[in-house]
Structures are given as structure tokens and as C-alpha cells.
K.L.:
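Input: one structure, supplied below.
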Amino acid sequence: MSEQIKFVVEQLNKDPFKKNFNLITFDSLEPLQLLQVLNEVLAEIDPKHNIDIREEAPDQTAKRMFSLLGILKYKPPGNVSDLNAFRPGLVTGSKSIIHPILHWLLQRTNDLKKRAYLARFLVKVEIPADFLQDDVVSDTYHQYEELVEGFKTLHKECEQLKNSGFSTAEIRRDINAMEEEKDQLIKRVERLKKRVDTVSNHQRMLEMARQLRVEKEREESLMQQKQEQKNQLFHAEQRLQRAQQQLKDLRQASADAKPESLMKRLDEEIKFNTYMVSDKLPKELESKKKTVHFLQKVVVEPAMGQSDLSELEAKIQEINTQINQLIEKKMMRNDPMDDKLFLFRQQASIISRKKEAKAEELQECREELLSMEKELAQKSSQARDFDGTEVLKGDEFKRYVSKLRSKSTVYKKKRQELTELRAEYGVLQRTEEILKQRHEAIQQQLQAIEAKHGITGFSDTQEELERVSALKSELDEVKGRTLDEMSEMIKRLNTLIAEKKSALAPVIKELRPLRQKCQELTQEYDEKKALYDSCAAGLESNRSKLEQEVQGLREECGQEETRYHYTNCLRRITERQIQRAADEMKLYVSADPQERRKAVREQYNRNILEQENLGKVGTLLDTDYSGGEKAGREVGDKFFLAFHHSNVMDVYVKCKLCCVWGLFVCNVWLQKRHFVWTSRGPNDN
């Protein structure tokens with residue numbers, strides 16, 4: 001506990017609290033001061049709680065602190081886990097309650113600030129279900145929930161960006177790199193412009209390129225619109241198919257529907273609903289009410305000990321014995337009329353139980369049907385979202401099954417052909433192995449014959465020579481084709497170069513005077529640009545001066561408006577104070593005593609008189625009485641005579657008698673005297 005208090009004192013002495021506490025001064029704080037310290041810590045976490053608790057009612061302070069601690073998910077430690085002790089301890093400023101709260105808050109201030117900030121937007125407003133029946137309220141609440149979800153996503157993205165590792169230095173480096181890249185691109189564009197300027201009709205070519213780009217963008221937008229139209233057409237066809245299917249189902253349902261069958265079905269539904277409304281649901285409601293009544297009685301009763309439980313068990317055993325005796329007496333009487341009625345009662349109870357069971361089963365089946373329909377609709381929507389196709393029903397599903405059967409027959413045929421081809425492949429593979437073995441045997445025989453005649457390797461050499469000659473002939477053909485292609489390409493290039501030179505010759509002649517003209521225009525452009533820059537700088541300086549003057553005048557106007565509103569508020573406050581003083585003077589001068597009692601002076605006089613009476617009673621309460629019955633009567637008489645207008649139970653609670661018997665006599669005597677006073681004496685309070 002001492003380490004906990006040390007930590008709290010250290011944190012309170014730091015920013016932003018700066019309390020300059022030590023262990024002694026902190027431990028000697030009054031309950032109200034300790035509550036104020038707790039309130040300041042809570043205000044640091046949530047600025048909404050920056051309130052002076054001396055100007056706030058105690059119940060409002062407790063409610064506000066409880067709500068914030070609940071939002072922050074504070075759990076009392078094991079020694080104060082009982083909420084019945086925690087709540088009054090917090091209200092009265094108990095050290096054993098507030099010190100752990102301060103330790104817990106100061107340990108995780110930053111996390112709790114974040115949680116309090118999020119709670120302002122994420123703690124949903126509870127609206128009763130009756131109000132949600134209104135369409136406007138329901139729509140507004142749905143919009144509120146959507147905004148909450150949007151805030152969650154935005155906050156997650158913000159946290160991810162904060163934790164992504166980007167710093168200002170990196171952003172500046174990126175900006176510098178992008179600026180350098182921009183300069184390079186500008187230089188490259190200028191070089192390309194200079195290169196393009198040498199080409200004739202470059203403006204027309206640029207215009208054509210721009211038109212081509214615009215047409216391509218238009219083509220992309222048209223393609224996108226076409227795709228959107230296709231999607232809309234597809235969805236419209238799906239809606240049409242669903243509507244046709246619903247129309248088909250309704251027609252099938254109406255084809256079999258006759259007036260007699262419809263009336264019969266409606267009669268059954270009416271009987272079932274009347275049984276549910278008149279018999280089953282009232283019984284269930286009554287049973288629920290009884291259960292709630294019993295639970296309320298259990299909640300109201302105080303906590304039971306082992307002796308109370310043993311008493312209840314004894315009562316239960318006694319009641320069980322009485323019930324058994326009554327049953328035995330009833331069996332001994334054995335009235336024949338009762339026996340006859342017993343069979344009918346038994347049959348009626350069996351039928352009623354069966355009826356209730358069937359009604360419950362029907363209700364469960366209806367609920368299951370509704371849930372299955374909802375699940376079917378959800379699955380169909382998921383299927384549509386997944387592949388864009390509608391779930392098949394009825395005849396369409398049959399057609400789909402028949403198509404699958406035809407495909408399965410084709411699949412079986414193809415599978416049979418595949419097995420035949422695999423078998424044939426196995427036979428061919430085996431034939432190849434046999435032929436390889438025969439070839440190896442023949443090769444061995446040929447090598448033996450070559451060795452016998454002294455020409456070993458003759459067949460291999462001959463095969464190698466044939467293979468090399470074939471490769472040489474192929475390479476010669478490839479070289480010939482390559483040379484022909486290269487010669488043809490050179491001819492084409494020479495012709496193209498000659499054509500380009502002949503085409504560019506007049507353009508080059510026209511370009512020479514244009515270059516000279518371009519230099520002259522460039523020089524003139526530079527001179528005009530310098531003049532423009534100087535004029536623009538002068539205008540910019542004049543504009544900045546005018547903006548500063550306008551800003552100063554606006555600030556002066558705002559100050560004058562603020563001063564006007566402040567003076568107007570002071571005038572209203574003064575008028576209100578004068579009005580209050582006039583009202584107080586009227587009440588004080590009034591001849592009616594009831595009106596005079598409403599005056600502030602009379603109220604303060606009454607409060608002073610009550611406080612003086614309380615002081616007198618306090619002197620009586622501090623007296624140590626150790627006597628018996630006589631001391632109790634004397635204390636009761638003094639209490640009654642000194643403070644007969646006060647509540648007797650308040651006086652009794654403040655009593656400090658040492659003798660138990662004297663306490664009992666004092667209580668009885670005070671109640672007796674209070675009864676006599678209220679029945680016979682004046683009843684002015």
C-alpha cells in the first residue's frame with residue numbers, strides 16, 4: 001500500500017497536476033479534497049469532467065464518476081469487490097477506495113485518454129424499442145449506427161497511418177525527390193519541344209495526337225458505360241426471372257385453391273390463433289408473472305444464513321408431511337362419484353397436454369419455417385453475389401438436372417475413350433521397349449562381327465558422319481536464308497532513307513528562315529517576360545499591403561463587436577440583479593407572512609437557526625452516558641426537548657451510548673415521546 005501511495009504522489013507532483021504533495025500531506029487530505037484530486041485526474045483523461053465538485057450535488061458527482069469508471073472498465077480490487085461497499089466509499093471519499101482508483105488511473109493515463117475519446121463516439125445511445133417503431137426515429141438511429149461504423153473504420157485507418165512509420169523527414173525527402181523528378185521532366189519536355197519544333201506541321205500533329213487521346217478516353221468511358229448497361233440488363237433479367245417465378249408459384253398456388261379449402265385453412269388458423277391468444281399465451285404470461293413475483297420477493301429479502309436455510313427446510317418438510325396426510329385422507333374417503341369424475345379429469349388433462357404440446361410443436365415448426373426461409377433468402381443472395389446467377393427452382397431445376405445427366409453421359413463416354421487410349425498407350429510403350437531390346441541385341445551382334453573382321457566402330461563412325469553431314473546441310477540452308485533476308489532488309493532501308501531525304505529536303509529549306517525568326521521571337525519574348533515579371537511583382541506587393549490593411553480592419557471590427565456583446569451582457573446581468581433586488585424588497589415588505597417566508601433573508605435566518613439547533617444537539621450527542629434505564633430516559637428527554645422538530649431516527653443514529661440496555665431504553669423513550677408530541681402537540685413541521 002505504501003508503494004502505491006508513493007507512486008500516486010510522484011505522478012501528482014509531475015505535469016500536468018503539479019500538486020507538490022508529500023506522503024504526509026497526501027495522507028492528511030480531507031475526503032472532499034481527495035474527491036477533488038480524483039476529479040482532476042478524471043478531467044485530465046476526459047476534459048468533460050473538469051468541474052468543481054463543491055458546486056455539484058453529491059449524487060450527480062457519484063453518477064458522473066461511476067459512468068466514467070464504467071467506460072474505462074475499472075474493476076475494484078479483491079478487498080473492495082463488493083459494490084455495496086465500493087459505491088458509498090467513493091461517495092464519501094474513503095481512502096481505501098480512492099487510492100487504488102488513483103493508482104490505476106495514473107498508471108495508464110494515455111491509454112485511458114484514448115478510450116475516453118473513443119467512448120464519446122462509440123458508446124451507443126440506448127433508445128427504447130417503443131420509440132424505434134417510429135420510422136423517422138428508426139431511420140435516424142440507422143444513420144447513427146452507420147456513422148459509428150464509419151468512425152471505427154476511419155479511426156483504424158488513422159491509427160495504421162500513425163503506426164506505418166512515415167516521418168516528416170521521409171516525407172520531405174520524398175517531396176524533394178518528386179521536385180527533382182519534376183524538374184527533370186520539365187527539362188525533358190523542353191528538349192522534346194525543341195526536337196518537335198524542327199518537324200513541319202508539328203502543331204497539326206500535336207492536335208491530332210490530342211484528339212486521339214480524347215477519343216481514346218471517350219472510348220474507355222463508352223466501354224465502361226456499355227459494361228454498366230450490360231450489368232444493369234443482367235440484373236433486370238434476373239429480376240424479371242424472379243418475378244416470373246413468383247408469378248408462376250402464385251398461379252400454381254391459386255390453381256389448387258378453392259373457396260372451401262381456403263375457408264378451411266382460415267378456420268384452422270383462426271382456431272389456432274384463438275387458442276394461443278385465449279388459452280396458451282395467458283397461461284404462459286401468468287406463469288412468467290408468478291416467476292417474476294417470486295424473484296422480486298427473493299431480491300427484496302435480506303441475505304440468508306445457514307440458520308435461515310435450516311428453518312426453511314424444516315418448514316418444507318412439515319408442509320410435505322401435511323400434504324401426504326391430506327392425500328391419505330382423500331384416498332381413505334374414496335368417493336365413487338369422485339372416482340368417475342377422475343377418469344374424465346384425467347382424459348381432459350391428457351387432451352389439454354396433447355393440445356398444448358401440438359400447439360408448441362406447431363409454433364416451433366412455424367418459427368423453424370421462418371428461419372429456414374430467411375436462411376434460404378440469405379443463401380440465394382450470397383449465391384447471386386458470388387457468381388451472379390439465380391438459384392434454380394421448379395422446372396428450371398429439372399431442366400438443369402436433365403442437362404447434367406446428358407453431360408454425365410458425355411463425360412462417361414469421354415472417360416471410356418480415355419481409358420482405351422491409356423490402354424493403347426501402354427501397349428505401344430511395351431512394343432517400344434521390346435523393339436529397343438531387339439535393337440540392342442542387333443547392335444551387340446554387329447559389334448561382334450566388326451570385332452571379328454577387325455573394323456571395330458565402323459557403324460558408329462558411319463552414323464556420326466551421316467549425322468554431321470545432315471547438320472551441315474541444314475546450317476548451310478539457314479545461312480543462305482539469313483543472307484538473303486539481310487540483303488533484302490538493306491535494300492529496303494536504303495530505299496526508305498532515300499525517300500525520307502527527298503521528302504525532308506523542302507522541309508529543311510523552309511526550316512532555315514523559320515529558325516532565324518524563332519530566335520528573334522525568343523529574344524522579344526524574353527524582353528516582354530522581364531517587363532511582365534517586374535509589373536507582376538509591383539502588383540503583388542500592392543495586393544499584399546491591401547490584404548494586410550483589410551485584415552487589420554477585420555480584426556478591429558471583431559474586437560469592437562466582442563466589446564459590444566460584452567457590454568450588452570453586462571447590461572442584462574445588471575438589469576437582472578436590479579430586478580432580483582426589487583423582487584426581494586417586495587417580498588420583504590409584503591404584509592403576507594407566506595410571501596415574506598420566501599424572501600432570501602428569511603431563508604438564511606431559518607438555515608442559521610437550524611444550524612444552531614444542530615450545534616446544540618451535537619453537544620448533547622458528545623455526552624458519554626454509561627447508566628441504565630434512567631440514563632436512557634434522561635438522554636431521550638433532552639433530545640426531545642432540544643430538537644423535537646428534527647427526525648427522531650437521525651438523532652438515534654448519532655447517539656453514542658455505551659450501555660446496550662440504555663440504548664434500547666433511549667430508543668423506546670424517544671419513540672414514545674415523539675408519538676405523544678405528534679398526536680397532541682403542535683404539528684408545525
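No hydrogens, no waters, no symmetry mates; every other heavy atom, side chains included, goes into these values.
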K.L.:
Do the ring planes of Phe151 and His155 sit parallel (below 30°), tilted (30 to 60°) or perpendicular (above 60°)?
P.N.:
parallel
K.L.:
Looking at every non-hydrogen atom in both residues, tell me the closest pair between Asp279 and Lys283 and how far apart they are.
P.N.:
OD1-CE, 3.0 Å
K.L.:
For Gly538, is there any backbone N or O sitting under 3.5 Å from a side-chain donor or acceptor partner on Asn542?
P.N.:
yes
K.L.:
Measuring from Lys152:NZ to Leu118:CG, what's the distance to the nearest 0.5 Å?
P.N.:
10.5 Å
K.L.:
Tell me the side chain to side chain donor-acceptor pair (under 3.5 Å) pairs involving residues 515-540, sequence neighbours left out?
P.N.:
Glu540-Arg543
K.L.:
Indicate yes or no: does Lys288 engage Glu284 in a salt bridge with an N to O separation below 4.0 Å.
P.N.:
no
K.L.:
With a 4.5 Å heavy-atom cut-off, do Arg188 and Arg191 have their side chains touching?
P.N.:
yes
K.L.:
Roughly how far, to the nearest 0.5 Å, is the CD1 atom of Ile490 from the OG1 atom of Thr495?
P.N.:
11.5 Å
K.L.:
State, yes or no, whether a side-chain contact exists between Met178 and Lys182 at a heavy-atom distance under 4.5 Å.
P.N.:
no
K.L.:
What's the separation between atom CD in Gln232 and atom CD in Glu228, rounded to the nearest 0.5 Å?
P.N.:
7.0 Å
K.L.:
Whether Lys491 and Glu488 form a salt bridge (side-chain N of Lys/Arg under 4.0 Å from carboxylate O of Asp/Glu) is what I want to check.
P.N.:
no
K.L.:
For the residue pair Leu418 and Arg422, establish whether any side-chain heavy-atom pair is separated by less than 4.5 Å.
P.N.:
yes
K.L.:
What are the two closest non-hydrogen atoms of Arg366 and Asn273, and how far apart are they?
P.N.:
NH1-OD1, 4.0 Å
K.L.:
Any chance OH of Tyr144 has more than 12 other-residue heavy atoms, nucleotides or ligands included, within less than 6.0 Å?
P.N.:
yes
K.L.:
If you measure from CZ on Arg415 to OG on Ser408, what distance do you get to the nearest 0.5 Å?
P.N.:
12.0 Å
K.L.:
Does Lys271 form a salt bridge (charged side-chain N to carboxylate O under 4.0 Å, His left out) with Glu268? I'd like the steps, not just the answer.
P.N.:
CA-CA 5 Å; Lys271 287 179 181 178; Glu268 290 178 356; over 6 Å; no
K.L.:
Start with the C-alpha distance between Val410 and Lys414, add both sets of side-chain angles, then the distance that settles side chain to side chain contact (heavy atoms under 4.5 Å, CB included), and finish with yes or no.
P.N.:
CA-CA 6 Å; Val410 174; Lys414 297 293 183 184; 4.2 Å; yes
K.L.:
Quick check for you: to the nearest 0.5 Å, what is the distance between Arg108 atom CZ and Tyr74 atom OH?
P.N.:
10.0 Å
K.L.:
In sequence, state the C-alpha distance, the side-chain angles, and the governing distance for Gln224 and Gln227, and then conclude on side chain to side chain contact (heavy atoms under 4.5 Å, CB included).
P.N.:
CA-CA 5 Å; Gln224 189 175 3; Gln227 187 64 32; 5.7 Å; no
K.L.:
Are Trp104 and Leu72 side-chain neighbours, meaning at least one heavy-atom pair lies under 4.5 Å?
P.N.:
yes
K.L.:
If you draw a 6.0 Å radius around CD in Glu269, do more than 12 non-hydrogen atoms from other residues or ligands fall strictly inside?
P.N.:
yes
K.L.:
Any Lys/Arg nitrogen of Lys216 or Glu220 sitting under 4.0 Å from an Asp/Glu carboxylate oxygen of the other?
P.N.:
no
K.L.:
Considering all heavy atoms of both residues, which atom of Val507 and which atom of Ala503 are nearest to each other, and what is their separation?
P.N.:
CG2-O, 3.9 Å
K.L.:
Answer whether the closest heavy-atom distance between the side chains of Lys436 and Glu432 falls below 4.5 Å.
P.N.:
yes
K.L.:
Return the OG to CG distance between Ser67 and Asp46, rounded to the nearest 0.5 Å.
P.N.:
9.0 Å
K.L.:
Could you name each residue pair satisfying side chain to side chain donor-acceptor pair (under 3.5 Å) that touches residues 549-560, not counting sequence neighbours?
P.N.:
Glu560-Arg563
K.L.:
Report the C-alpha separation of Asp111 and Arg115 in whole Å, then their side-chain angles, then the decisive distance to 0.1 Å, and conclude whether the side chain to side chain contact (heavy atoms under 4.5 Å, CB included) test is met.
P.N.:
CA-CA 6 Å; Asp111 296 336; Arg115 184 174 291 174; over 6 Å; no
K.L.:
Return the set of residues passing side chain to side chain donor-acceptor pair (under 3.5 Å) with Asn568 (not counting sequence neighbours), or none when no residue passes.
P.N.:
Arg571
K.L.:
Is there side-chain contact between Arg218 and Leu222, with heavy atoms separated by less than 4.5 Å?
P.N.:
yes
K.L.:
Test Glu145 against Glu149 for side chain to side chain contact (heavy atoms under 4.5 Å, CB included), laying out the working first.
P.N.:
CA-CA 6 Å; Glu145 289 181 341; Glu149 295 298 327; 5.6 Å; no
K.L.:
Within the 4.5 Å heavy-atom criterion, are Glu179 and Asn176 side-chain neighbours or not?
P.N.:
yes
